[in-house]
Amino acid sequence: MSDNIKLADLLLPNIDKTPDYYENLYPARNLPEGARVVRVAPSPTGYLHLGVLFASLVNRITATSSGGVFFTRIEDTDKKREVEGGIEDIIGGLARFGITIDEGFISGTEQKGDYGPYQQSHRAEIYQTYVKELIRQGLAYPCFCTAEELEATRNEQEAKKIRTGYHGEWAKHRNITFEEAKKLIDEGKPFVVRLKSPGNEDNKVVFEDAIKGKIEMPENDEDFVLLKSDGIPTYHFAHAIDDHLMHTTHVMRGDEWISSVPKHIQLFRLLGFKVPKFAHISPIMKLDGGAKRKISKRKDPEAAVHFFAEEGFMSESVIEYLMTIAASDFEDWRRANPDKSYKDFKFNLKKMSVSGALFDGVKLLDVSKNMVSRLSSGQVYGFVTAWAKEFDTDFYNILTSNPEYSKAVFAIDRDVPKPRKDIAKWNEVKEYFSYMFEEYYTPDFTLPENIAKEDAVNFLKAYSEVYSPEDDKQTWFNKIKEIAPTLNFASETKEYKANPEAYKGHAGDLSTVLRIAITGRRNTPDLCSIMQVLGKDKCLERIKNAIRG
RNA sequence: GGCCCGUUGGUCAAGAGGCCUAAGACACCGCCCUUUCACGGCGGUAACACGAGUUCGAAUCUCGUACGGGUCACCA
């Protein structure tokens, strides 16, 4: 028996399977030509982050566009950083944003698919089987260095201005013998398994990134860690094994991984795996002071996707906005296909930006206003109450105490050919329609400077005589026009503009008076509709109060 | 610092040697429409980081500089 094989048995005595076992267990997928198998592999270290949502979206539409598969995999190899409920938060969050998952974790607790388990902490035996094979082939070895020793090596390298890391002559245990290893093991010394890298820094590894194009980097010569001392793999190793066994065709992830690609390619080749295609997604940036930087969980509220729910953004609006960042041709497509789902958009990785986009909250607002404007009053009622139930129970109780009235309020200037585009998110609704609810209404009969108080009062008196809650828009305005001349106001705006000295104002000014009396504001949606919804009693009462001053 | 990547108006971006006197969207400004405000329509301000080179011709190719970003763990 060779030393390598003895070493492998010494290090991993309980592993009795061989890679062949798993190769047979997870056969190639039966998919049509061109179908892409992609995944998002979050680590449950916190809540769903905007960047993860974005990467998931890009993966999702890539799978959809190619008739492929999108799966999730939980990368929980770092138990120290794990957060309770993290899986549920992330996977559940994706679901709430309408990102459908074909395979892997489909909720916080359920997984489906033939290539699982989809959680790295449950795949230890698989990883160890492959590591054992690498050791047998002399491509991996145990390293007994302590954190202190590694630190000392680093300091020495820095002092000598040499490239830091565990490589070449600095790789202390690279040529450890079976006997030496056995002795240390018998002493109970912990160890990690490192790759015995055959790479040479002077060689170049070239790969074609589906987003960034051709990238050339020095070959990896670092004997990086494959298996940590707890027997769990590092990201690099788990990535190679999992994406091979799960038959991922395109690895699409954040571009912070680019610098690790030489390690990954080396691993795939050494293991005899087909190297997948890589697509590195640029991060969403944020302006901080004058500097652009990657959006950060710690500093930016909008980094946590939960922020958007609290603000009352529809998840569809956030997705729609993210699509405009993801694909430069998406907005053109949207104009041509206003009613289609973004899922019908033919996504092309080539249309992704090579550099990171600044998160533009103003643009999100615009996108969102357009989305909201397309909703019916019933839909708005559903969304607003769902939002208020969680974030504004007072408002929720008022809305649901009289659903028909609430819906009528939301129907104002809505269920019409050209709906208004005023509301972007649900937390604006209460303020926007505050005058429609007695609980929130604040009377304020402050008139514009060009209208005399006396005229306003006289107008309101005259108007309350002829007012009828049954009036349609035309009749409603005609009544104002009829009163206008009696107060020396022009009935028609054009008359007034042609001869402004002859009048005190025009009918439009009088409607403003009425508007202020009814709503306490100068600007509102259609006043006639507002008065119809408010009803006769309230209108008359508010007019009366205004007259009284 | 080493190694990668990037740099077109305030923002997102089109652009792959002549079609660029550089598209479109958001934002901003003006006008029109209009009972207010929105909507809508029309118009406007505003950009190829800098310097060399290749070429008849460069936003597009090459090199350098500057600036920005990423990465250098038993974290992902």
Side-chain angles (χ1 to χ4, degrees), chain A residues 41-45 75-78 80-81 120 143 145-147 150-151 154 158 161-166 190-194 201 209 212-213 215-218 222 224-230 232-236 238-239 253-262 280 282-283 285 287 291-294 321 324-325 327-332 334-335 351 353-367 369 373 413 416-423 448 473 476-477 480-481 484 492-493 506-516 519 521-528:
Chain A
S43 85
T45 53
E75 311 228 319
D76 56 348
T77 53
D78 185 4
K80 293 187 288 292
R81 295 203 310 155
Q120 292 181 333
C143 166
C145 289
T146 62
L150 259 15
E151 174 73 19
R154 158 175 302 276
E158 277 172 2
K161 298 208 189 301
I162 297 170
R163 188 164 49 93
T164 57
Y166 202 89
F191 66 91
V192 300
V193 177
R194 287 181 183 273
E201 206 212 359
D209 188 281
K212 310 234 180 200
I215 296 176
E216 192 174 308
M217 270 187 276
E222 176 111 1
F224 61 94
V225 174
L226 265 22
L227 224 49
K228 297 186 268 189
S229 55
D230 57 4
I232 290 181
T234 56
Y235 170 85
H236 303 115
H239 152 54
R253 75 255 271 199
D255 73 358
E256 69 270 20
W257 290 108
I258 276 193
S259 58
S260 304
V261 170
H280 291 275
S282 305
M285 314 286 279
L287 212 51
K292 237 179 160 184
R293 47 148 248 254
K294 195 171 160 180
Y321 169 66
T324 67
I325 298 184
S328 59
D329 52 344
F330 179 74
E331 284 187 272
D332 287 337
R334 172 52 82 210
R335 255 189 298 285
K351 292 290 182 183
S353 175
V354 181
S355 49
L358 228 41
F359 180 83
D360 187 346
V362 177
K363 179 94 178 181
L364 203 214
L365 251 19
D366 179 70
V367 166
K369 280 179 184 172
S373 76
D413 276 356
V416 295
K418 273 168 60 173
R420 300 177 70 88
K421 296 184 179 176
D422 290 341
I423 296 168
K473 242 174 236 189
W476 175 87
F477 195 51
I480 294 173
K481 281 182 175 176
E492 302 297 333
T493 312
H506 56 85
D509 293 323
L510 296 176
S511 77
T512 296
V513 170
L514 221 206
R515 185 182 313 276
I516 294 172
T519 68
R521 297 189 192 185
R522 292 192 199 181
N523 308 329
T524 70
D526 180 61
L527 221 209
C528 177

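Note that the coordinates shown come from a computational prediction; the quantities given were computed from them, not determined experimentally. In the text below, chain A, chain B and the rest are named by the order of the sequence lines, each starting its count at 1.
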Enumerate all atom pairs, one protein N or O and one N or O from nucleotides 22-29 of chain B, separated by less than 3.5 Å.
residue	atom	partner	partner atom	Å
B/G24	O2'	A/R335	NH2	3.1
B/A25	O2'	A/E331	OE2	2.9
B/A25	O2'	A/K363	NZ	2.7
B/C26	O4'	A/K363	NZ	3.4

OP1 or OP2 of B/A13 under 4.0 Å from side-chain N/O of A/S353:
yes
To the nearest 0.5 angstrom, please state how far the CG atom of A/D329 sits from the CD atom of A/E331.
10.5 Å
Output yes when at least one side-chain N/O atom of A/K80 is less than 4.0 Å from OP1 or OP2 of B/C74, else no.
no
Residue matched to B/U71 through Watson-Crick or wobble contacts both under 3.5 angstrom
B/G2
Which base, if any, makes a Watson-Crick or G-U wobble pair with B/A76, both distances under 3.5 Å?
none
A/F330 has an atom CZ; how far is it from atom C1' of B/A13, in whole Å?
15 Å
Identity of whatever pairs with B/A13 - Watson-Crick or G-U, under 3.5 angstrom
none
Whole angstrom value for the distance that separates C1' of B/C12 from CG of A/L358:
9 Å
Closest to side chain of A/T164, choosing from B/C75, B/G6, B/C72:
B/C72
Note, A/V225 side chain near A/Y166 side chain (heavy atom, < 4.5 Å):
no
Considering every strand and a 4.0 Å limit on heavy-atom distances, what is the contact class for A/T77: base, sugar-phosphate, or nothing?
sugar-phosphate
With rounding to the closest Å, how many angstrom separate the P atoms on B/G64 and B/G6?
14 Å
Sugar-phosphate only, base, or nothing, as touched by A/V225 at under 4.0 Å among non-hydrogen atoms:
sugar-phosphate
What about A/T234, does its side chain sit under 3.5 Å from the base of B/C74 through a donor-acceptor pair?
no
Would you classify A/E158 as touching base, sugar-phosphate or nothing, given that sugar-phosphate means primed atoms plus P, OP1 and OP2, and contacts are heavy atoms under 4.0 Å?
nothing
Tell me what A/S282 touches on the nucleic acid: a base, only sugar-phosphate, or nothing, going by heavy atoms under 4.0 Å.
nothing
Indicate whether any N or O donor in one side chain lies under 3.5 Å from an N or O acceptor in the other, for A/T45 and A/R81.
no
Return the value, rounded to whole Å, for the distance between atom CD of A/E75 and atom C1' of B/C74.
16 Å
Heavy-atom pair with the smallest gap, counting every atom of A/T524 and A/R515
OG1-NH1, 2.7 Å
How many angstroms lie between CG in A/D509 and CD1 in A/I480, if you round to the nearest 0.5 Å?
11.0 Å
Pairing partner of B/C33, by Watson-Crick or G-U wobble and under 3.5 Å for both distances, is none
Spell out protein contact along nucleotides 63-71 of chain B as letters: B when the base is contacted, S when just the sugar-phosphate is, - when no protein heavy atom is under 4.0 Å; keep the 5' to 3' order.
-----SSSS
Residue A/M217, side-chain heavy atoms: nucleotide from B/C4, B/C72, B/A76 that is nearest:
B/C4
Could you work out the separation of B/G24 and B/A47 based on their P atoms and round it to a whole Å?
15 Å
At under 4.0 Å between heavy atoms, what does A/S328 touch on the DNA or RNA strands: base, sugar-phosphate, or nothing?
sugar-phosphate
To the nearest 0.5 Å, what is the distance between CG on A/L365 and OH on A/Y321?
11.0 Å
Can you tell me the distance, in whole Å, between the CZ atom of A/F224 and the P atom of B/C72?
13 Å
Check whether any side-chain heavy atom of A/Q120 sits under 4.5 Å from a side-chain heavy atom of A/P233, and report yes or no.
no
Should A/K369 and A/D366 count as an ion pair when the cut-off is N to O under 4.0 Å?
no
If you measure from the P atom in B/A46 to the same atom in B/A23, how many Å do you get, rounded?
12 Å
Considering only atom P, compute the distance from B/U11 to B/G18 and round it to an integer number of Å.
27 Å
Any-strand Watson-Crick or G-U partner of B/A46, both distances under 3.5 Å:
none
Answer yes or no: is there a donor N or O on one side and an acceptor on the other, between the side chain of A/D526 and the main chain of A/D413, under 3.5 Å?
no
Paired with B/C39: which nucleotide, if any, by Watson-Crick or G-U wobble criteria at under 3.5 Å for both distances?
none
Who are the side chain to side chain contact (heavy atoms under 4.5 Å, CB included) partners of A/P42, not counting sequence neighbours?
A/V40, A/V52, A/I74, A/I90
Could you measure between the two P atoms, the one in B/U54 and the one in B/C72, and give it in whole Å?
41 Å
Rounding to a whole Å, what distance do you find between A/E222:CD and B/C3:P?
16 Å
Assigned partner base of B/A52, Watson-Crick or wobble definition, under 3.5 Å:
B/U62
Which residues satisfy the side chain to side chain donor-acceptor pair (under 3.5 Å) test with A/R293, sequence neighbours excluded?
A/D288, A/D300
Separation between the P atoms of B/A59 and B/C20, rounded to whole Å
13 Å
Here the distance between atom P of B/C12 and atom NZ of A/K351, to the nearest Å, is 18 Å
Do A/K228 side-chain atoms and A/T77 backbone N/O form a donor-acceptor pair below 3.5 Å?
yes
If we take the P atom in both B/C75 and B/A13, what is their distance in whole Å?
34 Å
Which parts of nucleotides 33-44 of chain B does protein reach within less than 4.0 Å, heavy atoms only, written one letter per nucleotide 5' to 3' as B for base, S for sugar-phosphate only and - for none?
--BBBBBS----
Mind running side-chain contact (heavy atoms from CB on, under 4.5 Å) on A/V261 and A/H280 for me, showing each step along the way?
CA-CA 10 Å; A/V261 170; A/H280 291 275; 3.4 Å; yes
Which base, if any, makes a Watson-Crick or G-U wobble pair with B/G57, both distances under 3.5 Å?
none
Nearest-Å distance once atom P is located in both B/G44 and B/C26:
16 Å
Over how many whole Å does the gap from A/I325 atom CD1 to B/U11 atom P extend?
14 Å
Which residues pass the side chain to side chain donor-acceptor pair (under 3.5 Å) test with A/Y235, sequence neighbours left out?
A/R253
